[in-house]
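A short worksheet on the structure shown next.
Please read these numbers as outputs of a predicted model, since none were measured by experiment. Letters go in sequence order (proteins before strands), and every chain restarts at 1.
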Amino acid sequence: MIPINYIKSNKEEVLARLEKRGPQYLDLLEKVLKTDFERRQTQQNRDTVLEQANALAKEIGICFKNGEHDKGNALKVKTQSLKEESKRLEEALRALEEKMRNELSAIPNMPHDKVPKGFSENDNIVERVWGEALQNTDGFLCHWDLAAKYDLIDFETGVKITGAGFPLYKGKGAKLQRALINFFLDQAELQGYLEVQPPIMINEESGFGTGQLPDKEGQMYYVEKDNMYLIPTAEVPLTNIYRNAILTEDELPIKITAYTPCFRREAGSYGKHVRGLNRLHQFDKVEIVQISHPDNSYNTLEVMCSYVSGLLEKIGLHHRVLRLCAGDLGFASACTFDMEVYSEAQKRWLEVSSVSNFEYYQSNRLQLRYKSKVNNKKELVHTLNGSALALPRVLAALLENNQTPEGIRIPEVLVPYTGFEMIE
RNA sequence: GGAGAGAUGCAGGAGUGGUUGAACUGGCACGCCUGGAAAGCGUGUGUACCGCAAGGUACCGAGGGUUCGAAUCCCUCUCUCUCCGCCA
């Protein structure tokens, strides 16, 4: 949620930025400001009534202490109407607070200045392309065929054990996956990220903190008996480490990384585009998260992007960096870059990472703040995260792009991790 | 899963119905002292919301209730600890 005070004191800016997402949010903005106004008035009224009631109670106490029972009892009568009034106002206030929260939750994050206008993925801007497509890819097999040919992934058995979208990696397929995880984690550590292993089930509060709940409830697997969700991304547990926390300015930026499986229901997506590893219900991912001083967050975003891009360079994957347009931006994000690798056999781009700055959107929900050195006040931080990287599509591109008549060649940097140079 | 104990401010820890937002100790900040430091002394030190301000309101795990008045009494829930059971 955008902090209400930020909206109040920067209305023009919020309006201008939000407008990029479309005009439908401007009304919401007015609405929430109105609700906020009513809320404040109601609070004032309630406080006044309570003040009177408190004063009376105090007076009554003194009366009884001094033995003036008659006077005390007389005063008691007066409290009755105040009590009813305060109860009424209390309820009204609570309703208004909830209304405001709901209205605020319906407003997406404001796109950053540099986010282009646009409605669909066609309006995204290609920021950078690294590498180029191969010249001769005649006879190239798609990764699902390669996986079968070299016995790397057994989709059918995954279906038998669980269902579609839960692949079973085998032999060198499993090893390659493990190698990638270790490589990505080691790289992150070199950049100063602290590796953690978080829980992969989360409670409701955590889901709310990072913005998955209540909106994206249907995307997550839910364990009803214990009221928990399987994480759709490590972003949720990693960022929620710092829910309700007050950091010192010296602690910033906080940089953490984790490897976790991720679970997504992906309800309603079927067909060719979700074949093989393209879209799964369970997949592995290494995530990086930064908690940043608001003044530095956009610099941080750039650093994170080039880091992710650098990873793809190291494993030699032709890729591009997209600056997402307002229409393609996630609800909670203020600015997002997507990294897509080129799949030589499928002849299309596959998203392998998404790096975002959420500004105050998550920290406001999380109540994640730092103590400012300037005024010693508690201020909200900016949160950022990115995939570094999501495994299945990297694996898919790696298999497809590195296929040769002799087998699949493993990128040099990964050989120390896999222990083999070729999949034959 | 069964039995018991507990949850108070940055931390420890008092407080069992009335000027208690909360004693006391420590921590921290500032000042004095010192050549400098330690010790010592003094002062200060919660958060959120409303308000231009004065000030007000709320908060003693969470939510309800009793009462003119609740950290304090009652109910429900959550969490932590100890013992037993089970277990990778």
> Between B/A29 and B/U20, how far is it from one C1' atom to the other, in whole Å?
Replying inline: 25 Å
>> Without decimals, in angstroms, what is the distance between A/Lys58 NZ and B/G21 P?
In response: 7 Å
>> Strictly below 4.0 Å: does A/Arg40 bring a side-chain N or O up to OP1 or OP2 of B/U57?
In response: no
> With rounding to whole Å, what would you report as the distance between B/A53 and B/C49 at their P atoms?
Replying inline: 14 Å
>> Say we look at B/G55 and B/A5: how far apart would their C1' atoms be, to the nearest angstrom?
In response: 44 Å
> Are A/Arg101 and A/Glu97 ion-paired here, with the side-chain N under 4.0 Å from a carboxylate O?
Replying inline: no
> With a 4.0 Å cut-off on heavy atoms, is A/Lys378 in touch with a base, just the backbone sugar-phosphate, or nothing at all?
Replying inline: sugar-phosphate
>> Taking the ring of A/His281 and the ring of A/Phe263, is the distance between their centroids below 6.0 Å?
In response: no
> Does A/Lys83 place a side-chain N or O at less than 4.0 Å from the phosphate oxygens OP1/OP2 of B/G69?
Replying inline: yes
> Quantified in whole Å, what is the C1' atom distance between nucleotide B/A54 and nucleotide B/G64?
Replying inline: 36 Å
>> With a 3.5 Å limit on both atom pairs, tell me what B/G26 is paired to, counting Watson-Crick and G-U wobble, or say none.
In response: B/C10
>> Only pairs with both distances under 3.5 Å count, Watson-Crick or wobble alike; so what is the partner of B/C83 in this structure?
In response: B/G2
> Is the distance between the ring centroids of A/Phe64 and A/His69 under 6.0 Å?
Replying inline: yes
> Using a cut-off of less than 4.0 Å, is there contact between a side-chain N or O of A/Arg39 and OP1 or OP2 of B/C50?
Replying inline: yes
>> B/G63, OP1 or OP2 - any side-chain N/O from A/Arg94 closer than 4.0 Å?
In response: no
>> Below the 4.0 Å mark, does B/G69 have OP1 or OP2 next to a side-chain nitrogen or oxygen of A/Asn54?
In response: no
>> Categorize A/Leu50 for me: base, sugar-phosphate, or nothing, with a 4.0 angstrom heavy-atom threshold over every strand shown.
In response: sugar-phosphate
>> Any carboxylate oxygen within less than 4.0 angstrom of a Lys/Arg side-chain nitrogen, looking at A/Arg88 and A/Glu85?
In response: yes
> Going by an N to O cut-off under 4.0 Å, is there a salt bridge joining A/Glu13 and A/Arg17?
Replying inline: yes
> So what does A/Gln44 touch, heavy atoms closer than 4.0 Å: a base, only the sugar-phosphate, or nothing?
Replying inline: sugar-phosphate
> Between A/Ala57 and A/Lys371, which is nearer to the 5' end of RNA chain B once each is assigned its nearest nucleotide?
Replying inline: A/Ala57
> What distance, rounded to whole Å, do you find between the two P atoms, one in B/G9 and one in B/U72?
Replying inline: 15 Å
>> Return the pairing partner of B/U57 with a 3.5 Å limit on both distances, Watson-Crick or G-U wobble; otherwise return none.
In response: B/A48
